[in-house]
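Remarks on the structure that follows.
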Amino acid sequence: MKVQTLVNDGAGWSAALPRVDGPETLVIVFGARRCDDDTRWLADLRSYYPSSIIVGCSTSGEIVGEQLLDDTIAVAVVEFESSQLRLATVSSSDFVDSRAAGCALGQQLAADDLASMLVFADGISTNGSALVAGLQHAAGAETPVSGGLAGDGDRFEQTWVLSGDRFGADLIAAVGLYGPSVRSGYGSRGGWVPFGPERVVTQATANVLAELDGQPALPLYRSYLGDLADGLPASALFFPLCIWPADRSSAPLVRTVLGVDTDDNSMTFAGDIPQGWHAQLMIANPEDLIDAAAEAANDSNGAAEVAGDSLALAVSCVGRRLVLGGSADDELLSVVDGLSERTQVIGFYSYGEISSANGIGELHNQTMTVTTIREARG
């Protein structure tokens, strides 16, 4: 397997695009949302890679190695040697919900030799946890999945997804990796600390939270944010919500706010908020977030017996970037330092991170997720 990363800043590419077109070449693309106004970069990629799989999404910051970039197109060209690829695409508007869209994708990818999946989805309307549930239900519950929800800086207005010859705001794209040579490793860590009282989700439907402890969710949330409440939903990124089942039968999950409804005082999150679960606000300091990112990278490292390069897909949350501020580069440096040699890093800051860390495919918010992809030696 061979991996090369490149950047287009609007003036051209940082290096010559490698001429490795073919059905076993995967071109992963992450870019600023405004890059949908000038798509010369996309014309270049489609010209160089007409037979390859091209997939990606808009971001809240692009990641290449230890660099955090803005207003660029970041690309990884991955040439597999002994594995096969398949691309599946749906429009979310064609389905009643995100789980149904995930099932449709999974049906397109399902096969006995499916080893892992990557998925990228619209970051405004997608319920990430329902998407993953549907995808694994149709493709196989044991098949690991990773990826993320597209970003739009801290604006939460519109995102785009790129999938082959399709490019738009309501797309969901999934790539299946096939064959016995595929090796994947997964890490997902947060670094956030709960604060304030524990509460019970007393009214919620899917990813829309209506009440906590019998009180309307939005006014209660506003009371914690104080002056920051005027900046919702972006200001909520500083205070994500931790949720867990009452019997603690599964690990806690973190949820990020995508939108608020002042008419009914509800809040929409990037993933499900199950009724009856417990909830608590969270806060973090930069040092804890940076340490957690390093742990995610270490967790993702797999066996050393690989052929050629490895790819690391790093997906972090826009909320982490806002909290880290000028220390965001340190988060990426900790990821690079935690990976094995000959690993090329590509990624983005997102509205929701998807990973199969701990063997369970799930939407993770406010985390750094790292997925390593490699091929085993023959």
Side-chain angles (χ1 to χ4, degrees), residues 30 57 59-61 63 68 118-121 123 126-129 131-132 144-151 154 184-195 207 236-244 250-258 269-273 279-301 312-325 327-336 338-339 345-372:
F30 300 123
C57 64
T59 80
S60 296
I63 298 170
L68 169 56
L118 302 176
V119 62
F120 304 104
T126 303
N127 179 335
S129 57
L131 172 67
V132 173
V145 57
S146 58
L149 306 185
D154 60 359
S184 300
Y186 302 88
S188 178
R189 297 295 184 104
W192 299 80
V193 178
F195 80 98
N207 61 331
L237 295 168
F238 291 94
F239 303 97
L241 195 68
C242 179
I243 60 171
W244 65 93
S250 61
L253 298 172
V254 182
R255 290 289 182 254
T256 292
V257 177
L258 291 183
F269 289 79
D272 285 345
I273 308 288
Q280 192 173 16
L281 289 178
M282 304 187 81
I283 197 167
N285 64 60
E287 290 78 12
D288 290 339
L289 298 184
I290 292 168
D291 289 344
E295 292 170 359
N298 278 312
D299 291 345
S300 75
N301 280 321
L313 174 64
V315 184
S316 188
C317 181
V318 60
R320 297 172 70 86
R321 182 178 181 182
L322 293 176
V323 171
L324 286 167
S327 299
D329 287 338
D330 293 333
E331 178 180 44
L332 304 185
L333 180 59
S334 72
V335 168
V336 172
L339 294 169
V345 180
I346 190 80
F348 70 108
Y349 282 84
S350 74
Y351 286 172
E353 307 80 61
I354 294 170
S355 176
S356 287
N358 303 315
I360 301 173
E362 182 56 271
L363 174 78
H364 301 268
N365 289 137
Q366 303 286 18
T367 61
M368 168 61 83
T369 65
V370 182
T371 301
T372 56

With R189 as partner, the option from T369, D299, T367, V370 fulfilling side chain to side chain contact (heavy atoms under 4.5 Å, CB included) is D299
Quiz prompt | Side-chain heavy atoms of L332 within contact of M368, under 4.5 Å | solution = yes
Q.
A side-chain contact here means heavy atoms from C-beta on lying under 4.5 Å apart; do L324 and D330 qualify?
A. no
Taken to the nearest 0.5 Å, the spacing of T59 OG1 from F348 CZ works out to 8.0 Å
For S300 and T372 the tightest heavy-atom approach is O-OG1, 2.6 Å
TODO: Assess whether side chain to side chain contact (heavy atoms under 4.5 Å, CB included) is satisfied between I63 and Y349, documenting all intermediate values.
DONE: CA-CA 8 Å; I63 298 170; Y349 282 84; 3.8 Å; yes
Can a donor-acceptor pair be found between the side chains of S327 and D329 at a distance below 3.5 Å? no
Between A297 and L339, the two heavy atoms sitting closest are O-CD2, 3.8 Å
Rounding to 0.5 Å, atoms OG (S184) and CG (L313) come to a distance of 10.5 Å
TODO: Please step through side chain to side chain contact (heavy atoms under 4.5 Å, CB included) for the pair I283 and F238, ending with a clear verdict.
DONE: CA-CA 7 Å; I283 197 167; F238 291 94; over 6 Å; no
Open item on the list: For a 4.5 angstrom cut-off between non-hydrogen side-chain atoms, does V119 reach I354?
Closed with: yes
Separation between CG (L363) and CG (L131), nearest 0.5 Å, reads 9.0 Å
Check your understanding: Taking the side chain as C-beta and beyond, is there a heavy-atom pair between E353 and C317 under 4.5 Å?
Key -> yes
Trace of the side chain to side chain contact (heavy atoms under 4.5 Å, CB included) decision for M282 with V254:
CA-CA 9 Å; M282 304 187 81; V254 182; 3.8 Å; yes
Rounding to 0.5 Å, atoms OG (S350) and CZ (F120) come to a distance of 10.5 Å
Q | R320 side chain reached by Q366 side chain, heavy atoms, under 4.5 Å | A | yes
*asked:* Looking at S146 and T371, would you say the former's side chain and the latter's main chain have a donor-acceptor pair under 3.5 Å?
replied: no
Inset, instruction - Might you work through the side chain to side chain contact (heavy atoms under 4.5 Å, CB included) test for S129 and E362, ending with a clear yes or no? - result: CA-CA 6 Å; S129 57; E362 182 56 271; 3.4 Å; yes
To the nearest 0.5 Å, atom OG1 of T256 lies from atom CZ of F269 at 8.5 Å
ask   = Taking C-beta and beyond as the side chain, do F30 and I346 meet within less than 4.5 Å on heavy atoms?
value = yes
d(H364 NE2, S356 OG) to nearest 0.5 Å is 7.5 Å
Under 4.5 Å between any side-chain heavy atoms of I243 and R255, yes or no?
yes
| said: Any heavy-atom pair between the side chains of W192 and P240 that's under 4.5 Å? | reply: yes
Closest non-hydrogen contact found for T126 with A121 is OG1-CB, 3.7 Å
> Are more than 12 heavy atoms from other residues, nucleotides or ligands located less than 6.0 Å from atom CG of N358?
Replying inline: no
